[in-house]
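Beneath this line is the structure, given in structure tokens, with notes to follow.
Note that the structure is a prediction, hence the values are computed from the model and not measured. Both ligands and their constituent atoms are indexed starting at 1 by order of listing.
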Amino acid sequence: MTTIIDGKAIAADVRAKIAQAVSTMQSQHNVQPALAVVLVGDDPASHVYVRNKGIATEKAGMKSIEHRLPVGAAEDDVVSLVRELNADDTVDGILVQLPLPEHISSSRVINEIDPDKDVDGLTEVNAGRLILGKEGLVPCTPQGSVIMAKTVRPNLSGLHAVVVGRSILVGKPLSMLLLAENCTVTMAHSRTADLPAVCREADILCAAVGIPRLVKGDWVKKGAIIIDVGINRIEEQGKTRLVGDVDFDAAKENASAITPVPGGVGPMTIACLLRNTVIAAARRRGLGAVDV
Ligand code: NAD
């Protein structure tokens, strides 16, 4: 029997723990963690994401702050806002919604964020901490992917993990997290020779590419755990569907466990954003470790 790893249920568990931790922070320390989101421009998808993040933040008992700047805002204005939020002691987490308009350097803006408030884990400082194995804030989607894998196999030590995709947002940090779990990690990408053969070696196969159903059923070793990060919108039989980077129906014949799309890694991303916000609040305010 193949386990379908239920991202919605796991995310609900994570959110419940977060709400509990927030409630304890409030009752014991009179602290309400706050997440500030900066949105520049009027990209409709970004507006939806920001609204959903705001709702989730408030549902967890935290304070949600939104700053909206017009599409023509100058890079320096965005940087000034980030600096204000860095200096504001009531703000625990700062997230700049990407993509930014083309005239603004995302790299400059992101790296202005105080690394201890960088709840997306995208600053160079947090990337460095992850590589060095130091305490930091870890990007949300890779974090969610590892939490999901550990629900079916709590100890990943010694397993061969293959991560397909080497982006800064997903592939690279996910590889680092799996290494920290003592996996033997292979990073595969668009120039990998014989990708199917590399995938067939994987005990844990993670796909973060952005190509619908790239990973075929016969690329999957018997008993492998599959984490499908891809979210691809396709037209099929006259309908728009969301599919992953893995051919789910074929791959699940060989896998011992697999994440579906939708309902897999997706719901974990916002849950891990909330998790990072609580962790950032506890660390910044010297409240000790939180159980989330
Ligand atoms: P990206 O475009 O930045 O990176 C894609 C990576 O795939 C690159 O490193 C590239 O080397 C590799 N690649 C491209 N073609 C390949 C091929 N033919 N064979 C092997 N590797 C190939 O994408 P990203 O930001 O890492 O996102 C990847 C996917 O994950 C997308 O579908 C995206 O929508 C999805 N995603 C989902 C979440 C979530 O919340 N679940 C979050 C972020 C990204």
Would you say [Y] ends up clustered with [X] if hydrophobic residues are merged whenever their side chains have heavy atoms under 4.5 Å apart, either directly or through other cluster members?
X: Ile258; Y: Leu178; result: no
X: Leu159; Y: Val246; result: no
X: Met148; Y: Val261; result: no

Against heavy atoms of [X], which atoms of ligand 1 measure under 4.0 Å?
X: Asn232; result: 32 (O)
X: Ser190; result: 11 (O), 13 (N), 14 (C), 15 (N), 16 (C), 17 (C), 19 (N), 20 (C), 21 (N), 22 (C)
X: Val164; result: 20 (C), 21 (N)

Original post:
Looking only at N/O atoms, are Asp245 and ligand 1 under 3.5 Å apart anywhere?
Top reply: no
Original post:
Can you find an N or O of Ala188 that's nearer than 3.5 Å to an N or O of ligand 1?
Top reply: no
When you measure from [atom] to every protein heavy atom, which one gives the shortest distance, and what is it?
atom: atom 12 (C) of ligand 1; value: Gly165 CA, 3.9 Å
atom: atom 35 (C) of ligand 1; value: Val229 O, 3.4 Å
atom: atom 27 (O) of ligand 1; value: Val170 CG2, 4.4 Å
atom: atom 3 (O) of ligand 1; value: Ser167 CB, 3.3 Å
atom: atom 29 (C) of ligand 1; value: Gly210 N, 3.7 Å
atom: atom 8 (C) of ligand 1; value: Arg166 N, 3.9 Å
atom: atom 34 (O) of ligand 1; value: Ile231 O, 3.4 Å
atom: atom 2 (O) of ligand 1; value: Val209 O, 4.2 Å

Subject >> Student check: side-chain heavy atoms of Asp116 and Arg283 closer than 4.5 Å >> reply: no
Indicate, as side chain, backbone, both or neither, the part of [X] found under 4.0 angstrom from ligand 1 when only non-hydrogen atoms are considered.
X: Ile168; value: neither
X: Thr269; value: side chain
X: Leu195; value: side chain
X: Thr141; value: side chain

Original post:
Under 4.0 angstrom from ligand 1, any heavy atom of Ala208?
Top reply: yes
Using only atom types and a distance under 3.5 Å, with no angle test, would you say the side chain of [X] pairs donor to acceptor with the backbone of [Y]?
X: Asn86; Y: Glu112; value: yes
X: Asp245; Y: Gly210; value: yes
X: His160; Y: Leu205; value: no
X: Asn232; Y: Gly244; value: yes
X: His189; Y: Ser167; value: no
X: Arg200; Y: Asp218; value: yes
X: Asp247; Y: Lys216; value: no

Subject >> Carboxylate-amine/guanidinium contact Arg284 Asp89, below 4.0 Å >> reply: yes
Original post:
For atom 20 (C) of ligand 1, which candidate among Lys172, His189, Met268, Met187 provides the closest heavy atom?
Top reply: His189
